[in-house]
Amino acid sequence: MEQKVKELVSWLQKQVKEANVKGLLVGVSGGIDSAVVANLIKRAFPDNSLGVIMPCKSQSDDQTHAQSVVEACELSVMTVDLTETHNIMFSNIKQQLEHTESFNEEKEKLADANLRARLRMSTLYTVATNHNYLVVGTDNAAEWYTGYFTKFGDGGVDLVPLVHLTKGEVKEMAEYLGVPNEVIHKQPSAGLWEGQTDENEMGTSYANIDRHLKGEEIPEEDRKIIEEMHKRSAHKRQLPPAPPK
């Protein structure tokens, strides 16, 4: 694990040098993946790294956990509350859709959640431009393979250092890095709505996804769910299609 951390820190330093920028930032959600990235960027750039906490209809303990993460690794931090911005923007869009009689109530919850993710992305890039930093993503191998991220939201980043690590390996790295226990052992959730968890929404477990990615046998029903998510989300892992020149 020590070697893995050293390699990732070195890789992050190389990316910053090649991009000719000054440092790195990450959105700190209170979850385990962003906690690991927070520690990695602090090690890579002790004086030029930043955590950005962005509450927006967040779960009650998310901001508390995010704060404990940055304090534990002594990462510089700023907080941008996006609740009011989101409420105004989503309300305006919804009103116009209703005005044109095209509002789809069944898609409201998902559209609301995705807008939050994309507002956070816009916030991170605005802050990154100010500091001349790169935006570091938090998606792990399981999330990347299944497409369990918002396109141009939490998937809209410059670097993805955890993309080859299973959820289990991210947990091991978190323990090595000294991430607070309450963050390591909390139920994985994107914080989209009250009671939402990643595994309930996906219909399978991270343990099964990890085993599938390692080529191990898992129940056929779970394999089908995972492969269907992978197929359905292919567009998220590619550049926008263009016609032949």
Side-chain angles (χ1 to χ4, degrees), residues 8-9 11-13 15-16 19 21-90 112-140 143 148-163 170 173-174 177-180 182-184 186 188-192:
L8 287 175
V9 167
W11 180 81
L12 288 169
Q13 292 168 336
Q15 300 309 305
V16 166
V21 294
K22 293 182 178 179
L24 303 166
L25 64 75
V26 65
V28 185
S29 67
I32 191 171
D33 301 295
S34 67
V36 167
V37 173
N39 278 268
L40 292 175
I41 68 171
K42 174 65 177 181
R43 289 184 177 220
F45 294 93
D47 301 318
N48 289 289
S49 52
L50 178 68
V52 186
I53 300 173
M54 297 167 286
C56 185
K57 295 187 178 179
S58 305
Q59 302 300 305
S60 56
D61 58 355
D62 285 346
Q63 192 168 349
T64 302
H65 289 160
Q67 195 65 43
S68 69
V69 165
V70 295
E71 288 175 2
C73 67
E74 300 181 347
L75 180 67
S76 297
V77 64
M78 65 180 289
T79 299
V80 182
D81 194 321
L82 296 172
T83 304
E84 184 178 359
T85 301
H86 174 271
N87 286 341
I88 292 171
M89 189 172 186
F90 191 78
D112 177 291
N114 282 339
L115 178 59
R116 276 180 270 156
R118 290 171 179 136
L119 283 174
R120 288 182 172 121
M121 178 274 291
S122 297
T123 302
L124 290 176
Y125 272 99
T126 302
V127 176
T129 299
N130 179 78
H131 285 74
N132 197 21
Y133 285 179
L134 293 177
V135 177
V136 186
T138 65
D139 290 318
N140 55 56
E143 292 166 336
Y148 193 69
F149 56 88
T150 298
K151 190 174 185 179
F152 306 127
D154 48 325
V157 294
D158 295 313
L159 307 173
V160 282
L162 307 184
V163 79
V170 170
M173 187 170 286
L177 292 168
V179 170
E182 64 267 24
V183 175
I184 293 176
K186 73 188 291 188
S189 171
L192 301 178

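Keep in mind that what you see is a predicted model, and the values were worked out from it rather than measured.
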Separation of [Y] [atom2] from [X] [atom1] (nearest 0.5 Å):
X	Y	atom1	atom2	answer
S58	R116	OG	CZ	7.5 Å
N48	L25	CG	CG	11.5 Å
L134	K22	CG	NZ	13.0 Å
L159	I41	CG	CD1	10.5 Å

Of all heavy-atom pairs between [X] and [Y], which one has the smallest distance, and what is that distance?
X	Y	answer
F152	M121	O-CE, 2.9 Å
V157	Y125	C-OH, 3.1 Å
K42	S49	CA-OG, 3.6 Å
V26	A38	CG1-CA, 4.1 Å
M54	L82	CB-CD1, 4.0 Å
L8	L40	CD1-CD1, 4.0 Å

Query raised in the report: Does the side chain of T138 pick up a donor-acceptor pair with the side chain of S34 at under 3.5 Å?
Result: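 No, S34 and T138 have no side-chain donor paired with an acceptor closer than 3.5 Å.
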Query raised in the report: Just by distance, with hydrogens left out, do Y148 and D139 show a side-chain donor and acceptor under 3.5 Å apart?
Result: no
Report all side-chain donor-acceptor pairs from residues 71-80 shorter than 3.5 Å, counting only partners two or more places apart or in another chain.
none

Under 4.5 Å between any side-chain heavy atoms of [X] and [Y], yes or no?
X	Y	answer
L12	L24	yes
P55	I53	yes
D158	Q15	no
L115	M89	yes
V52	V28	no
D33	L162	yes
T150	R118	yes

N/O donor-acceptor pair under 3.5 Å between [X] side chain and [Y] backbone:
X	Y	result
S68	H65	yes
E143	N140	yes
N132	A128	no
T83	D81	no

**Report entry** Candidate pair K151 and N114, rule side-chain contact (heavy atoms from CB on, under 4.5 Å), full reasoning
**Finding:** CA-CA 8 Å; K151 190 174 185 179; N114 282 339; over 6 Å; no
Query raised in the report: Mind checking whether F90 and H86 have parallel, tilted or perpendicular rings, split at 30° and 60°?
Result: parallel
Requested in this report: Kindly determine whether Y133 and V21 satisfy side-chain contact (heavy atoms from CB on, under 4.5 Å), including the steps that lead there.
Outcome: CA-CA 6 Å; Y133 285 179; V21 294; 6.0 Å; no
Report task. For salt bridge (Lys or Arg N to Asp or Glu O under 4.0 Å), just list the numbers for D62 and K186, CA-CA rounded to whole Å, side-chain angles, deciding distance to a tenth of an Å, and then say yes or no. Result -> CA-CA 10 Å; D62 285 346; K186 73 188 291 188; 3.1 Å; yes
**Report entry** Worked check of side-chain contact (heavy atoms from CB on, under 4.5 Å) between T64 and E182
**Finding:** CA-CA 10 Å; T64 302; E182 64 267 24; over 6 Å; no
